[in-house]
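First comes the structure, then the notes that go with it.
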Amino acid sequence: MNIKKELDEIFQDPLLDLSEKEAELFDIPGEMRNVIRERKNSDYVAQRQLCKDFSLFQSLFMQIHKDLKHGLRSLMKISKTASLQAGRFYVVDGELLYLERIGEQKQSSNSLPDARTRCIYENGTESDILLQTLRKNVVGSGYAVTELEKEAESDFFNNGGLTEEDNVTGYIYILSSQSDNPTIHNQDNLYKIGFSTKSVEERIANAEHEPTYLMAPVKIVATYKVANVNSQKLEDLIHQVLKDVQFHVTVIDDEGKSYEPKEWFVVPLEVVDMIIQKILDGSIIHYTYNPTLQCLEKIVVRKRPTFNTTGMKILSLNTKLNEYEAIVDGSKKTERRQIKQSSVNKYTYVDEADGKRYLRRYDAIRFNAGTHGEGRSALVQVTDTAFEDGDVIFHLGIVLDVFG
């Protein structure tokens, strides 16, 4: 391929024969220049400092941790900018913070509202980080802490509620080990979660001689009599939720054979109880277990595309998350792209009839959000296409579909 010849043909084309600015085709893109300029012009960076009135917030942090541990709150991934609210708790890089205040909001360079905030961190510091920066951090490497959830009813476990018509199918039990093995004895929050069709006392009578009980006596921590439910499937589901925190240890039985029991997990007891309750009320499908923060994490089900694009000419473009959000909320009305050697055929074509190059016309653009966009995409109508200073300009209409 003769690049010089190709470029000469492009520059001699009537469509592009406008000015010397076309010589900037291989210069630093304008978007990158803007980023560099903004960094140079930045005269303020939010810094952490000691929170002098942290005593007013310390009990709140303690309560949030307690609620998370007992399953009354959970973590939730967020993707929409409007979800950050003053008075709510968030987690960034494993650290809990309280968004105490959002200052006077002003329109930023990307047309989104921004403001200084007051964020209190659980380590006793605070900062006045910009709202958009905080939002980016939460979306990229954090979570929102949900509001208080109604405690699940415990009627499932109340034997007094059973009648002769109920079919008791078995027992879910939680055990702790009394082993002297340091690997086992020194492990906090270590529990065996199992199922038995007979009483738990009978099931564990010979524990010190059975590898499944780590060849040691065990203590019954909790039992759940399960009625009208397939207890074996219930146990399997509990194990599936906790598979990432399965305890791995090898024990030797009385005959010298080695075993690696599969039903021991490192997880707070309160979380196990909440998992069982959410399985029985059917809500566990909306949660997963976060082993790092030791609490339940709410699963956000992303919407999938539904708009019928049959017969439409669709252009697919990647864009930054903040620009994507501005397009979706309607504040960004145009999309400008520089025509480069690598993209000239994406935005233009040569008409075989007259040999001239023209702009391609698209019915819609599918914008894919990058930089922690987490698979988000939007289909947006194109109302007009224009050419200016070496750039193609798409005028955007209504948002046809959004997913992710």
Side-chain angles (χ1 to χ4, degrees), residues 62 65-72 74 151-152 154-159 168-227 229 231-255 257-280 284 287-297:
M62 294 175 64
H65 278 293
K66 183 178 179 181
D67 291 345
L68 286 170
K69 184 178 181 181
H70 289 79
L72 302 181
S74 57
E151 293 190 56
S154 58
D155 291 343
F156 295 103
F157 315 123
N158 291 337
N159 295 342
V168 177
T169 50
Y171 302 86
I172 294 290
Y173 57 81
I174 301 175
L175 309 174
S176 62
S177 177
Q178 307 296 301
S179 174
D180 294 328
N181 183 332
T183 302
I184 300 171
H185 180 74
N186 296 330
Q187 177 63 61
D188 294 332
N189 294 324
L190 177 62
Y191 299 104
K192 173 179 170 62
I193 306 172
F195 164 76
S196 176
T197 55
K198 57 185 178 182
S199 73
V200 181
E201 289 78 7
E202 290 181 74
R203 183 69 182 86
I204 65 173
N206 199 39
E208 60 268 30
H209 299 291
E210 295 186 35
T212 189
Y213 297 109
L214 307 181
M215 301 296 293
V218 293
K219 177 182 177 181
I220 299 176
V221 177
T223 60
Y224 307 92
K225 183 182 290 186
V226 185
V229 174
S231 301
Q232 187 61 63
K233 290 184 178 180
L234 173 61
E235 181 195 29
D236 292 342
L237 188 50
I238 295 171
H239 292 173
Q240 179 65 26
V241 174
L242 296 174
K243 63 181 180 179
D244 291 336
V245 289
Q246 185 182 50
F247 183 66
H248 297 284
V249 65
T250 300
V251 296
I252 308 299
D253 70 3
D254 294 334
E255 298 179 357
K257 296 180 180 178
S258 61
Y259 291 87
E260 186 174 324
K262 303 295 185 182
E263 296 182 346
W264 290 86
F265 303 90
V266 180
V267 57
L269 180 61
E270 296 86 350
V271 174
V272 177
D273 182 71
M274 186 55 63
I275 289 174
I276 294 174
Q277 294 190 39
K278 288 188 179 298
I279 288 176
L280 289 173
I284 193 62
Y287 295 86
T288 185
Y289 179 62
N290 186 314
T292 302
L293 298 174
Q294 294 188 325
C295 64
L296 293 178
E297 178 182 329

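When a residue number appears, it is its place in the shown sequence, counting from 1.
- One finds the CD atom of Gln178 at 11.5 Å from the CD1 atom of Ile184 (value rounded to the nearest 0.5 Å).
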Let me see the working for Ile238 and Phe195 under side chain to side chain contact (heavy atoms under 4.5 Å, CB included), right down to the final yes or no. CA-CA 11 Å; Ile238 295 171; Phe195 164 76; over 6 Å; no
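- Atom CG of Leu190 sits about 11.5 Å away from atom NE2 of His185, to the nearest 0.5 Å.
- Pro268 and Tyr191 get closest at one heavy-atom pair: C-CE1, 4.5 Å.
- Atom NZ of Lys66 and atom CG of Leu68 lie 12.5 Å apart (nearest 0.5 Å).
- Contact record, Ile252 with Ser258: CD1-CB, 3.5 Å, taken as the closest heavy-atom pair.
- Nearest approach of Tyr171 to Thr197, heavy atoms of both residues: CE1-O, 4.2 Å.
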Show the numbers, then the answer: is there a side chain to side chain contact (heavy atoms under 4.5 Å, CB included) between Thr212 and Tyr259? CA-CA 8 Å; Thr212 189; Tyr259 291 87; over 6 Å; no
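- For residues 241-254, the side chain to side chain donor-acceptor pair (under 3.5 Å) pairs, not counting sequence neighbours, are His209-Asp254, His248-Glu260.
- Interatomic distance, CD of Glu270 versus CD of Gln294, reported as 10.0 Å (0.5 Å rounding).
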If you apply the rule side chain to side chain contact (heavy atoms under 4.5 Å, CB included), what do you find for Glu201 with Ile220, and how did you get there? CA-CA 8 Å; Glu201 289 78 7; Ile220 299 176; 3.8 Å; yes
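- Taking the charged nitrogens against the carboxylate oxygens, Glu210 and Arg203 do have a contact shorter than 4.0 Å, which makes a salt bridge.
- Between Gln187 and Val249 the shortest side-chain heavy-atom distance does not fall below 4.5 Å.
- Rounded to the nearest 0.5 angstrom, Leu214 CG and Lys192 NZ are separated by 8.0 Å.
- Within a 6.0 Å sphere centred on CG of Asp180, other residues, nucleotides and ligands contribute 12 heavy atoms or fewer.
- Atom OH of residue Tyr287 and atom CD1 of residue Ile275 lie 12.0 Å apart, to the nearest 0.5 angstrom.
- Pro261 approaches Pro211 most closely through the heavy-atom pair CG-O, 3.1 Å.
- A pairwise comparison of heavy atoms in Val241 and Tyr289 identifies O-CB, 3.9 Å as the closest pair.
- The two residues Asp188 and Val266 make their nearest non-hydrogen contact at O-CG1, 3.6 Å.
- Using a 3.5 Å distance cut-off with no hydrogens or angles, the side chains of Tyr213 and Asn206 do not pair a donor with an acceptor.
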